[in-house]
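Read the structure below first, then the notes.
Numbering starts at 1 and runs along the sequence shown.
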Amino acid sequence: MKIAFVGKGGSGKTTLSSLFIRHLAAARVPVIAVDADINQHLGAALGLAEKDAAALPAMGAHLPLIKNYLRGSNPRIPSAETMIKTTPPGEGSRLLRVGGRNPVYDACARTVPLDDTSVQLMATGPFTESDLGVACYHSKVGAVELCLNHLVDGREEYVVVDMTAGSDSFASGMFTRFDLTFLVAEPTRKGIAVYRQYKEYARDFGITLKVVGNKVQGPDDLAFLRAEVGDDLLVTVGYSDWVRAMEKGRPALFADLEETNRRALETLHTTADAAYERRDWERYTRQMVHFHLKNAESWGNAKTGADLAAQVDPAFVLFEGAAAPQPV
């Protein structure tokens with residue numbers, strides 16, 4: 001299951017995504033965590049020391065490796081140089097799975113210990129000094145989108161992505177790559193404004209959106225969220241001493257998280273699991289192709305000097321039982 005956490009900056013989306021990742025890991029569910037926010041905080045939220053979080057390999061820095069591996073023997077993609085962030089898989093492409101080993105995970109994923117278990121963490125990478133003033137954030141997150149395009153996952157296999165703040169994710173087709181999107185909203189006008197914008201943008205793409213109310217302090221906050229988001233409000237989360245200790249670098253065992261917040265995470269898990277029944281791989285593949293063709297026409301053809309529409313394999317549909325990855 002592919003799950004996104006979105007919300008305005010400061011809403012608590014990174015904290016909530018890290019708690020959900022911890023919940024899945026504690027339940028012994030295979031999970032890959034992805035920090036796709038240019039402000040890289042997910043590693044620290046999962047308990048990494050600052051120097052270890054800063055040392056995470058940047059997916060963007062390994063883009064040539066990622067492209068070369070994923071294109072496999074696909075005859076429609078003659079070289080890695082002609083692949084862009086939206087390039088869809090086809091016959092001969094290599095596919096990623098949540099478990100197992102492959103060169104992409106070897107280069108980009110690192111194991112993060114969590115109490116008596118662990119998760120794999122990948123990060124798009126922050127801006128470097130050479131990027132300042134010349135690079136676009138979306139050139140960094142393109143590696144994440146390309147991997148999601150080639151990812152086959154099943155029930156009780158999770159990829160949890162901490163997305164960029166606000167509505168920036170709509171600058172690419174990545175917002176359609178998820179089974180369920182959790183929008184973290186504070187009970188404020190600014191928090192609700194991001195929800196309305198996201199809801200409007202997602203309306204025509206079949207996006208399943210659920211709101212997680214954060215920093216809810218009482219009945220008035222709850223009533224405000226219910227009035228503003230209606231049935232999209234799934235659950236609310238309040239103040240947490242456990243989270244405050246974690247933010248100070250002194251986390252307790254995850255089992256000590258407050259009962260009310262553990263129940264909220266269980267609601268997220270149950271809701272995400274139920275989304276499995278609504279999976280539509282044909283729509284997923286169709287949307288992938290739609291955004292690839294838009295990007296090809298807008299900038300991709302000119303940048304690569306190739307007709308990127310020719311990369312689309314009209315007979316190919318990504319699905320859960322797709323062929324196992326080819327050997328390197």
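To the nearest 0.5 Å, atoms CG (Leu96) and OH (Tyr105) are separated by 4.5 Å. The line from CG of Leu42 to CG of Leu48 is 9.0 Å long, rounded to the nearest 0.5 Å. Interatomic distance, NZ of Lys2 versus CG of Leu151, reported as 5.0 Å (0.5 Å rounding). The structure places CG of Leu183 at 5.5 Å from CG of Leu209, a figure rounded to the nearest 0.5 Å. For the atom pair OG of Ser240 and CE of Met246, the computed distance is 8.0 Å after rounding to the nearest 0.5 Å. Note that the CD1 atom of Ile77 and the OG atom of Ser93 stand 5.0 Å from one another [nearest 0.5 Å].
Around the CD atom of Glu320, the shell of radius 6.0 Å holds more than 12 heavy atoms that belong to other residues, nucleotides or ligands. Within a 6.0 Å radius of CD in Glu259, other residues, nucleotides and ligands contribute more than 12 heavy atoms. Within a 6.0 Å sphere centred on CD of Glu297, other residues, nucleotides and ligands contribute 12 heavy atoms or fewer. In this structure, Arg76 places its CZ atom where more than 12 heavy-atom neighbours from other residues, nucleotides or ligands lie under 6.0 Å away. Within a 6.0 Å radius of CD in Glu50, other residues, nucleotides and ligands contribute 12 heavy atoms or fewer.
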Would you check, one step at a time, whether the test side chain to side chain contact (heavy atoms under 4.5 Å, CB included) holds for Thr208 with Arg278? CA-CA 10 Å; Thr208 302; Arg278 300 190 298 273; 3.4 Å; yes

Met163 and Val141: CA distance, side-chain angles, deciding distance, side chain to side chain contact (heavy atoms under 4.5 Å, CB included) verdict: CA-CA 9 Å; Met163 298 281 279; Val141 81; over 6 Å; no

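A 4.5 Å side-chain heavy-atom check between Thr285 and Pro88 finds every atom pair outside the cut-off. Inter-residue side-chain proximity for Leu265 and Arg22 is flagged as unmet; no heavy-atom pair is nearer than 4.5 Å. Annotation: side chain of Phe182 is in contact with side chain of Leu234 (closest heavy-atom distance under 4.5 Å). At least one side-chain heavy atom of Arg177 sits less than 4.5 Å from a side-chain heavy atom of Gln287. Contact of the Glu157 side chain with the Arg97 side chain is not registered, since no non-hydrogen atoms from C-beta on lie closer than 4.5 Å. The closest side-chain heavy-atom distance from Val6 to Phe178 is not below 4.5 Å. Side-chain contact check for Thr176 versus Met288: every heavy-atom pair is 4.5 Å or farther apart. The side-chain heavy atoms of Thr87 and Thr82, taken from C-beta on, include no pair separated by under 4.5 Å.
Across Lys215 and Gly10, no two heavy atoms sit closer than the pair NZ-O, 2.7 Å. Of all non-hydrogen atoms in Tyr201 and Phe205, the two that sit nearest each other are O-CD1, 3.6 Å. In terms of heavy atoms, Pro187 sits closest to Asn214 at CD-O, 3.2 Å. Residues Lys8 and Val194 share a closest heavy-atom pair of CB-CG2, 3.4 Å. Shortest non-hydrogen contact noted between Val119 and Ala25 is CG1-CB, 3.7 Å. Phe316 and Glu91 make their closest contact through CD1-N, 3.8 Å (heavy atoms, listed as atom of the first residue, atom of the second, distance).
Remark: the backbone N or O of Leu180 is not paired with any side-chain donor or acceptor of Lys210 at under 3.5 angstrom. In terms of modelled atom types and a separation under 3.5 Å, the side chain of Glu258 and the main chain of Trp242 share a donor-acceptor contact. A donor-acceptor distance shorter than 3.5 angstrom exists from the side chain of Arg262 to the backbone of Leu257, with no hydrogens or angles considered. A donor-acceptor distance shorter than 3.5 angstrom exists from the side chain of Asp115 to the backbone of Phe254, with no hydrogens or angles considered. Although no hydrogens or angles enter the test, the distance criterion places a donor-acceptor pair under 3.5 Å between the side chain of His292 and the main chain of Leu308. Side-chain atoms of Asp153 come within 3.5 Å of backbone N or O of Met1 as a donor-acceptor pair. Here the side chain of Ser298 pairs no donor or acceptor atom with the backbone of Lys294 at under 3.5 angstrom. Panel note: side chain Asp106, backbone Arg101; no donor-acceptor pair is recorded below 3.5 Å. Between the side chain of Glu282 and the backbone N or O of Val317, no donor-acceptor pair lies under 3.5 Å.
In summary, Asp52 and Arg110 do not engage in a salt bridge, as defined by a charged side-chain N under 4.0 Å from a carboxylate O. Salt bridge annotation for Arg28-Glu156: absent, with no cationic side-chain nitrogen under 4.0 angstrom from a carboxylate oxygen. Under 4.0 Å is where a charged nitrogen must lie from a carboxylate oxygen, and between Asp179 and Arg155 no such pair does. Salt-bridge formation is detected for the pair Arg196/Glu228: a Lys NZ or Arg NE/NH1/NH2 atom is positioned less than 4.0 Å from an Asp or Glu carboxylate oxygen. Electrostatic pairing of Glu266 and Arg263 does not count as a salt bridge here, judged by no charged N lying under 4.0 Å from a carboxylate O.
By the rule that hydrophobic residues join a cluster once side-chain heavy atoms approach within less than 4.5 Å of another member, Val98 and Val144 end up as members of one cluster. A single hydrophobic cluster is seen to contain both Leu114 and Leu16, as judged by linkage of ILVMFWY side chains at heavy-atom distances under 4.5 Å, directly or through other members. Taken together through direct or relayed side-chain contacts under 4.5 Å among Ile, Leu, Val, Met, Phe, Trp and Tyr, Tyr198 and Leu225 form part of one hydrophobic cluster. Residues Val312 and Met83 do not share a hydrophobic cluster, clusters being chains of Ile/Leu/Val/Met/Phe/Trp/Tyr side chains in contact below 4.5 Å. Taking hydrophobic clusters as Ile, Leu, Val, Met, Phe, Trp and Tyr residues chained together by side-chain heavy-atom distances below 4.5 Å, Tyr195 shares a cluster with Leu222.
Residues Tyr158 and His269 bring their aromatic ring centres within 6.0 Å. Checked against a 6.0 Å centroid threshold, the rings of Phe175 and Phe291 count as neighbours.
Using a 30° and 60° split on the angle between ring planes, Phe20 and His23 fall in the parallel class, below 30°.
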